[in-house]
Amino acid sequence: MATTSDVLTLYLNWNAVCAQKVLLTLEEKNIAYTLVHIDLAKFEQHDPAYLKLNPAGVVPTLVHDQQVVVESSVIIEYLEDAFPDARLRPPAPSQRAQMRWWMKTVDDTVHGSLRPLSFVRFAQSYAQTLSDDTLREITARMPKKDLAEIWQRVARSPYSDDELSVYLHKVEDVLDRMDQALAQDKWLAGDEFSLADIAMTPYFRRMVQLDKQVLWQGVRPHVADWVKRIEARPSFAVLDRVKQMFGPQS
């Protein structure tokens, strides 16, 4: 539990998958925190005041007292170290290695594969309305050049169906590995719910937004069962609460 001296502030966007990982961890650990919403559609992540906290210009950012922590996988491990109650790392070294393998797979494969699909669904129509000067101005402010490249792609040279299919196949390969792992263990890193499950959860929520439930429903039964158990956890409700607080009202 957080003590009365602990002051935690999470800078997030309600729909950012990486920020949702941190939200879920805070909820699982029952840690008190304050939220500051960053409107990505208004590019508030590039405001000078925010860039002082997070020079990469992305969410989330956690401030714990005077300590600033960035990068979602780093943040959730930081929270595990700082608040060891409600343990979210498995006890055995082999299981901890398995946990971190899944976390790395999320960062290296799942995130990078779903990002183009998400930009096509949520940003492409807006990006294509931008004038060349406005697009140039927006992308010039982005510290992360890979994000600038994606904005440039969806605005001026949209991803082909073949390209998007390649990204989707990468996700399916991960889901196959998940189904195999969950056939053996209750959770991704063994019999205990862990940071591995937290890291993966927001991406399933994103796949629902992308109408990709067919990737597990009826075809990967162990993944489907895992999703049901994830959604039944009390911590999962925070994602809807934060959407109601900061998301679209219609």
Side-chain angles (χ1 to χ4, degrees), residues 13-21 23-24 40-41 58-60 71-73 98-128 139 142 144-185 187-189 195-231 236 239-240 243 247-248:
N13 178 273
W14 72 271
N15 201 32
V17 284
C18 292
Q20 290 172 2
K21 289 160 58 173
L23 267 178
L24 290 167
L40 302 181
V58 295
V59 291
E71 295 296 332
S72 60
S73 291
Q98 188 176 351
M99 178 198 81
R100 291 190 174 103
W101 184 90
W102 281 109
M103 292 172 67
K104 182 172 174 59
T105 297
V106 168
D107 289 344
D108 291 353
T109 303
V110 180
H111 184 84
S113 298
L114 286 179
R115 188 164 62 175
L117 293 161
S118 299
F119 267 80
V120 168
R121 173 65 66 89
F122 302 120
Q124 181 164 288
S125 60
Y126 167 71
Q128 291 179 342
T139 55
M142 295 180 179
K144 290 178 71 68
K145 296 310 174 188
D146 57 336
L147 285 175
E149 291 171 3
I150 290 180
W151 273 95
Q152 187 69 37
R153 281 295 311 270
V154 296
R156 295 295 182 264
S157 53
Y159 293 93
S160 68
D161 289 344
D162 286 344
E163 286 178 294
L164 295 176
S165 179
V166 169
Y167 286 119
L168 200 58
H169 283 315
K170 290 181 180 180
V171 175
E172 290 184 279
D173 288 343
V174 173
L175 295 184
D176 285 338
R177 292 289 297 268
M178 278 189 70
D179 207 56
Q180 294 165 13
L182 292 166
Q184 304 298 319
D185 295 308
W187 300 105
L188 289 177
L195 295 177
D197 303 286
I198 286 176
M200 191 68 78
T201 293
Y203 295 90
F204 278 80
R205 190 175 176 87
R206 175 54 52 82
M207 284 188 277
V208 170
Q209 292 176 323
L210 296 171
D211 299 319
K212 299 300 182 186
Q213 302 95 313
V214 294
L215 295 179
W216 63 88
Q217 292 179 349
V219 290
R220 295 178 174 92
H222 304 293
V223 172
D225 178 69
W226 176 89
V227 171
K228 289 180 182 178
R229 288 184 284 114
I230 286 288
E231 292 176 346
F236 189 80
L239 304 183
D240 282 331
K243 179 181 178 181

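Note that this is a predicted model, so its numbers are computed, not measured.
- Using a 4.0 Å cut-off between charged nitrogen and carboxylate oxygen, Lys170 and Asp108 do not count as a salt-bridge pair.
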Check residues 214-223 and write down every donor-acceptor pair under 3.5 Å in which the side-chain atom is one partner and the other belongs to a residue at least two apart or another chain.
unit_1 : atom_1 : unit_2 : atom_2 : d
Arg220 : NE     : Asp176 : OD1    : 2.8
Arg220 : NH1    : Leu215 : O      : 2.4
Arg220 : NH2    : Asp176 : OD1    : 3.0

CA sep, side-chain torsions, deciding dist, call: Tyr167, Glu172, side-chain contact (heavy atoms from CB on, under 4.5 Å): CA-CA 9 Å; Tyr167 286 119; Glu172 290 184 279; over 6 Å; no

Test side-chain contact (heavy atoms from CB on, under 4.5 Å) applied to Phe122 and Leu40, step by step: CA-CA 12 Å; Phe122 302 120; Leu40 302 181; over 6 Å; no

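- With respect to Glu231 and Arg205, no salt bridge is recorded, no charged nitrogen being found less than 4.0 Å from a carboxylate O.
- Annotation for Met103 and Ala199: closest pair CG-CB, 4.1 Å, computed over non-hydrogen atoms.
- Taking every heavy atom of both residues into account, Ala196 and Leu188 meet most closely at O-CD1, 3.8 Å.
- In this structure the side chain of Gln20 never reaches within 4.5 angstrom of the side chain of Pro60, judged on heavy atoms.
- Looking at Leu195, Val174, Asp197, Val110 one by one, the single match for side-chain contact (heavy atoms from CB on, under 4.5 Å) with Trp102 turns out to be Val174.
- Seen from the ring of Trp187, Arg229 counts as a face-on cation partner, given the 6.0 Å and 45° thresholds.
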Candidate pair Ser118 and Leu210, rule side-chain contact (heavy atoms from CB on, under 4.5 Å), full reasoning: CA-CA 7 Å; Ser118 299; Leu210 296 171; 4.1 Å; yes

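- For the pair Leu114 and Lys212, the minimum side-chain heavy-atom distance is 4.5 Å or more.
- Separating the CD1 atom in Ile150 from the NZ atom in Lys144 is a distance of 10.0 Å, to the nearest 0.5 Å.
- Contact record, Thr109 with Ser113: O-OG, 2.7 Å, taken as the closest heavy-atom pair.
- Between Asp240 and Trp14, the closest side-chain pair of non-hydrogen atoms is not below 4.5 Å.
- Residues Val154 and Gln128 are not in side-chain contact: their nearest non-hydrogen atoms beyond the backbone lie 4.5 Å or more apart.
- How far CD1 of Ile198 is from CD1 of Ile230: 8.0 Å, rounded to the nearest 0.5 Å.
- Ion pairing between a basic and an acidic side chain is recognised when a charged N comes within 4.0 Å of a carboxylate O; Asp107 and Lys21 show such pairing.
- Between Gln124 and Phe119 there is no side-chain heavy-atom pair separated by less than 4.5 Å.
- Residues passing the side-chain hydrogen bond (donor to acceptor under 3.5 Å, both in side chains) test with Asp179, sequence neighbours excluded: none.
- Remark: Arg153 qualifies as a cation-pi partner of Tyr159 under the 6.0 Å distance and 45° angle criteria applied to the six-membered ring.
- Residues Ala127 and Arg156 approach most closely at O-NH1, 3.9 Å, considering heavy atoms.
- The shortest heavy-atom contact between His111 and Cys18 is CE1-SG, 3.7 Å.
- One N or O on the side chain of Glu163 and one on the backbone of Ser160 form a donor-acceptor pair closer than 3.5 Å.
- Between Leu168 atom CG and Met207 atom CE the span is 9.0 Å, to the nearest 0.5 Å.
- Distance check: Thr139 OG1 to Glu149 CD gives 10.0 Å after rounding to the nearest 0.5 Å.
- Between Leu147 and Arg115, the closest side-chain pair of non-hydrogen atoms falls below 4.5 Å.
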